[in-house]
Amino acid sequence: MFKKVLIANRGEIAVRLIRACRELEIPTVAIYSEADRNSLHVRCADEAYCVGPPPSAQSYLVIDKILEVAEKTGTDAIHPGYGFLAENPEFAKLCKDHNITFVGPSAEAIEMMGHKTVARKTMQNVGVPVVPGTETVDDDDVLASRAKEMSFPVMIKAVAGGGGKGMRIVREEKEIKEAIRAARSEAKSSFGDDTVYVEKYLEEPRHIEFQILADRHGNVIHLLERECSIQRRHQKVIEEAPSMALDDDLREKMGKAAVDAAKAARYWSAGTVEFLVDREKNYYFLEMNTRLQVEHPVTEMITGIDIAKEMFKIAAGEKLSISQEDVKMNGWAMECRIYAEDPFNNFLPSPGKILTLREPSGPGVRDDSGVFAGYEVPLHYDPMISKLCTWGGTRTESIQRMKRALGEYVIKGIKTTIPFHQRVMNNEKFLAGNIHTGFIEDECIMETSDDSEDLMNVALVAAALHLQRKSREGVGTAGPEKTGTDAWKMMGRRSRWVT
Ligand code: ADP
């Protein structure tokens, strides 16, 4: 096993990985930016080193600096977590060149799967169905005519895409040129690559993915599926395992396709093969994520397998100790991603100091958190502060526990998405498992107002007091006229901010 591991990440995932190392009795090294000096992962690690100023481009993404810390601390392995350098083949390669084990797959597998059309081709070659679509096309006119041939709606997608960026839905021919331009420009600024292609847009699909574990000796297994259809702007916010949409037969077929996909990429480590499943239960390969996923805890909860620890064992060259037959599904797990965002104000980030924090606990509750009371949530990074997970013998019990845990969760000082999750957990269609990737928009989760006049009045009084205080304190430009306008706007937007 490794002598010392550097965690090239921050927040909850850095804490999660430090915990795995502690159980494996491996000392850890944390890195941090100046904005994260007082963060939880720094406190949890055995050693911690500052790698630069707050912007990630000057700290968490500076490969030279990270390798320098690794060398000076005698680190022999680096876990990249997710995001930042996790899917950067150059980083994986440079670790190898420095005789440091990258706790993830090979640079070649990352590169192949990081390019959406190369990945699609690889899957087609081994008979895994992919969403119908084109190769990459440089000429906008040619791309537009290929989209037309495919019939609308279509989706323009960046080959280097990730995090829901660089994609545009096109429903009519007249929108196509502008959509191509917008997708290219977003892809260029987010990934430095404006190459795009077209996929058929599937209406109301489910996003279902399979967790893979593969060792360096050619053994590949899957750890069943996760249902990730509850999304905002193509980004997952609630996940569960298993999926209500799969029966044993479909589970077996998709699981085999996922294992075939990993074998085709000569994959080792933990990884995820993502699929879209349409209403007729046809499944299509979407992409493979060559890293630990945010939502890995729900799989851990239903299989009892610690995926983070398995990653370290695989990276150290150990053979998988579990076979496909050993993987058993036990109960049901849910995950709610808790963000420092204001769900009543268009999910605006809500950085700031956490004044009070009481995390839920009790039977079947797991909270993978990166914060503590007194911690200041910085503005510079992804605002996810914790992942609240619950386990139950059935889906109903898991949801009941989630409702109970969300109710117990007290975070004061910043706004969080807890009220949003509470609404989803009480939504009839969600409770019936009747979901798809457009569920949140279709159900207008944050648009529906409560009929309670009392709540309305309380909120109006609170708003009036707030505006009065602002104008007294002379904050901003809140003069009487402005105050009137703001108050009117708020009343007009009643449904948005009255719970
Ligand atoms: P990213 O790499 O940016 O995460 P993905 O290709 O994984 O992008 O897609 C993210 C989400 O976007 C999917 O879960 C789904 O909701 C939606 N999506 C992507 N491609 C399609 C498609 N062809 N049809 C319908 N929805 C899609």
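Computed from a predicted model, the values in this text were never measured in an experiment. Order of listing sets the numbers, starting from 1, for every ligand and every atom in it.
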Compute the centroid of each ring, for Phe347 and then for Phe420, and state whether the two points are separated by less than 6.0 Å. yes

Less than 3.5 Å apart, any donor N or O on the side chain of His296 or Arg16 sitting next to an acceptor on the other? yes

Name the orientation class of the two ring planes belonging to Phe210 and Phe275 (parallel below 30°, tilted from 30 to 60°, perpendicular beyond 60°). perpendicular

Report the C-alpha distance between Ser369 and Lys387 in whole Å, list the side-chain angles of each, state the deciding distance to 0.1 Å, and finish with yes or no for side chain to side chain contact (heavy atoms under 4.5 Å, CB included). CA-CA 6 Å; Ser369 164; Lys387 300 180 317 206; over 6 Å; no

Any donor-acceptor N or O pair under 3.5 Å, side chains Tyr32, Ser59: no

Could you list each nitrogen or oxygen of ligand 1 that sits under 3.5 Å from a protein nitrogen or oxygen, with the atom names and the distance?
| residue | atom | partner | partner atom | Å |
| --- | --- | --- | --- | --- |
| ligand 1 | 2 (O) | Lys116 | NZ | 2.6 |
| ligand 1 | 2 (O) | Glu287 | OE1 | 3.3 |
| ligand 1 | 2 (O) | Glu287 | OE2 | 3.0 |
| ligand 1 | 3 (O) | Gly162 | N | 3.4 |
| ligand 1 | 3 (O) | Gly163 | N | 3.2 |
| ligand 1 | 3 (O) | Gly164 | N | 2.6 |
| ligand 1 | 6 (O) | Lys116 | NZ | 3.1 |
| ligand 1 | 6 (O) | Lys157 | NZ | 2.9 |
| ligand 1 | 7 (O) | Glu274 | OE1 | 3.2 |
| ligand 1 | 7 (O) | Glu287 | OE2 | 2.8 |
| ligand 1 | 8 (O) | Lys116 | NZ | 3.4 |
| ligand 1 | 12 (O) | His234 | ND1 | 3.4 |
| ligand 1 | 14 (O) | His207 | ND1 | 2.7 |
| ligand 1 | 14 (O) | Gln231 | OE1 | 3.4 |
| ligand 1 | 14 (O) | Gln231 | NE2 | 2.8 |
| ligand 1 | 16 (O) | Gln231 | OE1 | 2.6 |
| ligand 1 | 20 (N) | Lys157 | NZ | 2.8 |
| ligand 1 | 23 (N) | Glu199 | OE1 | 2.9 |
| ligand 1 | 23 (N) | Lys200 | O | 2.9 |
| ligand 1 | 24 (N) | Leu202 | N | 2.9 |

Can you give the donor-acceptor pairs under 3.5 Å from side chains of residues 429-439 to other protein atoms, not counting sequence neighbours?
| residue | atom | partner | partner atom | Å |
| --- | --- | --- | --- | --- |
| Lys429 | NZ | Glu443 | OE2 | 3.1 |
| His436 | ND1 | Gly438 | N | 2.9 |
| His436 | NE2 | Asp442 | OD2 | 3.4 |

